[in-house]
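Sharing a structure here in structure tokens format.
The first residue of the sequence shown is numbered 1, and numbering continues consecutively from there. What you see is a predicted model; the values in this text were computed from it and never measured. Numbering of ligands and ligand atoms starts at 1, following listing order.
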Amino acid sequence: MTTTLVNHSKNAADIVAHAVTTTRAAAPAWAAAKRRPYLLSWKRLIHSRSDELIDLVCAETGKSHVDATVEVTLALEHLDWAARNASRVMSEQRVHRRLLAFNQSAVVRRQPFGVVGVIGPWNYPVFTPMGSISYALAAGNAVVFKPSEYTPRTGQWLAQTFAEAVPQHQVFEFVIGDGQIGQLLCEAAIDKLAFTGSGPTGRKVMAACAERLVPVVMELGGKDAAIIADDADLVAAARSVLWGATFNSGQSCAGIEIAIVVSGVYDEFLEHLSQQAKGLVAGVDYGEMTTSAQREIVERHVASAVDAGARVVVGSTTPIDGRVCEPVILTDVPSDHPAMTDETFGPTVVVVRASNIDDAVAIANRSRYGLGAAVFSRRHGDSIARRLEVGMVSVNDVLAFGSSPELPFGGVKGSGFGRIHGDDGLREFTTAQAITRRQFRSPVRISEPKPRQFDQLALKIVGTIIGRF
Ligand code: NAD
């Protein structure tokens with residue numbers, strides 16, 4: 001494979017265009033191939049060299065070994081599932097016709113788009129982009145991947161192992177660089193763009209793709225809440241909320257940032273959460289934060305929340321020590337403060353008191369985001385989950401939807417649209433083609449020149465047969 005390392009060279013656009021052209025040339029043969037064995041070979045190669053990949057992820061992001069291991073494990077699980085399920089999801093579907101087209105046989109075919117551009121973030125440099133790459137490739141597309149500028153070598157590793165495992169098909173290229181290169185990829189001759197990153201960048205990506213009407217999947221940020229009802233197992237809920245808030249040092253799009261606790265169990269829950277948080281060990285339970293910009297955001301949210309009257313129950317008002325951020329539990333944060341409304345993306349959790357479940361649901365739904373949520377309740381978890389304006393909910397757990405490849409992953413509202421993972425995630429990287437075949441001449445003659453007075457006859461038919469039921 002060609003190594004397409006792009007800096008700010010004048011020919012950056014040419015290099016991006018070359019990656020698209022190369023993969024486009026290989027795409028038809030890939031779309032026609034039985035892709036499952038190729039993708040399973042790639043999975044086995046990644047698995048056999050996963051120590052190398054985990055070390056690389058740790059080196060580029062500073063995350064803990066256990067967090068990187070979880071990430072790679074999840075990516076392998078998704079690649080395996082996408083490889084094994086694409087042919088089922090893409091199989092041709094025969095459709096039953098209704099009255100107006102009863103003389104036609106009809107099928108729906110699923111076709112790959114062609115070349116899919118994938119732009120990834122730094123927080124999960126394997127799991128997140130692979131949610132698009134695995135599913136797009138399994139659906140028969142070629143992929144040009146631009147990893148985050150903070151994790152270029154991880155992106156390169158993924159493309160190079162694919163080239164090693166599947167030398168017959170040059171359908172996975174990578175280009176390296178910052179947002180400018182991402183912009184060039186959006187402007188290149190791609191057929192679909194899968195973006196994972198922040199909302200402000202997502203808007204720029206959509207604007208660039210709009211020029212050529214390139215369809216997009218938007219996996220954006222979140223401000224996920226956990227609701228703790230008065231019938232919850234409080235010890236287990238505290239354990240899950242703490243993990244959901246601190247896993248990957250809180251740098252998870254669907255990490256828990258707010259715990260909304262019903263008044264009757266508020267004090268007891270806060271006590272469990274605080275006790276458990278005090279037991280976390282830096283370097284073991286959580287690693288470094290990846291970027292200085294992100295550390296500054298966390299520091300700013302905590303300090304200004306305290307200025308606005310918040311109480312630090314665990315941690316400190318200056319939680320950053322070098323590249324590490326200690327976990328922080330805040331209470332009494334004003335509802336319009338950025339620590340309540342914006343993505344903090346650090347190991348912080350704001351604990352909020354709700355008068356009852358209706359109030360808790362209203363507080364959660366006030367968010368402009370709508371990625372994921374968690375609900376802790378022994379008896380009412382499902383009914384509370386159904387009232388939340390989010391794309392994914394875990395009941396009596398956190399982030400469980402991310403480890404289930406059968407489930408669609410994605411958000412609503414400011415968290416984006418479109419889905420990766422699951423049947424929906426495979427369909428996201430296909431277009432539907434409808435094919436009808438006339439079997440005999442229909443007296444209804446919808447798609448033929450009409451006899452006189454047809455309009456009255458048609459209305460009569462509609463009135464008698466369709467309108468009556
Ligand atoms: P970001 O928006 O800064 O960057 C994301 C990617 O976009 C990077 O590769 C970057 O180089 C590229 N980019 C920047 N400007 C661009 C432009 N004008 N055109 C095209 N590409 C451009 O995000 P980040 O800081 O890397 O990642 C963190 C964000 O990602 C958080 O908001 C997090 O919640 C979100 N995220 C969402 C999900 C999800 O599945 N919903 C998963 C992981 C992360």
Side-chain H-bond candidate by donor/acceptor type, Ser91 with Gln93, under 3.5 Å: yes

Per-ligand residue contacts, ligand 1, heavy-atom threshold under 4.0 Å: Ile119, Gly120, Pro121, Trp122, Asn123, Thr128, Lys146, Pro147, Ser148, Glu149, Asp178, Gly179, Gly182, Gln183, Phe195, Thr196, Gly197, Ser198, Thr201, Lys204, Val205, Glu219, Leu220, Gly221, Cys253, Glu343, Phe345, Leu371, Phe409

Tyr135 and Trp81 aromatic ring geometry - parallel, tilted or perpendicular at 30°/60° bounds: tilted

Aromatic ring pairing Trp30/Phe162, orientation class (parallel under 30°, perpendicular over 60°, tilted between): perpendicular

Short N-O contact, Arg212 and Asp191, less than 4.0 angstrom: no

Non-hydrogen atoms of Ser335 and Thr341 that approach each other most closely: O-CG2, 3.6 Å

Pairs meeting criterion side chain to side chain donor-acceptor pair (under 3.5 Å) with involvement of residues 405-427, two or more places apart: Arg88-Asp423, Glu389-Lys413

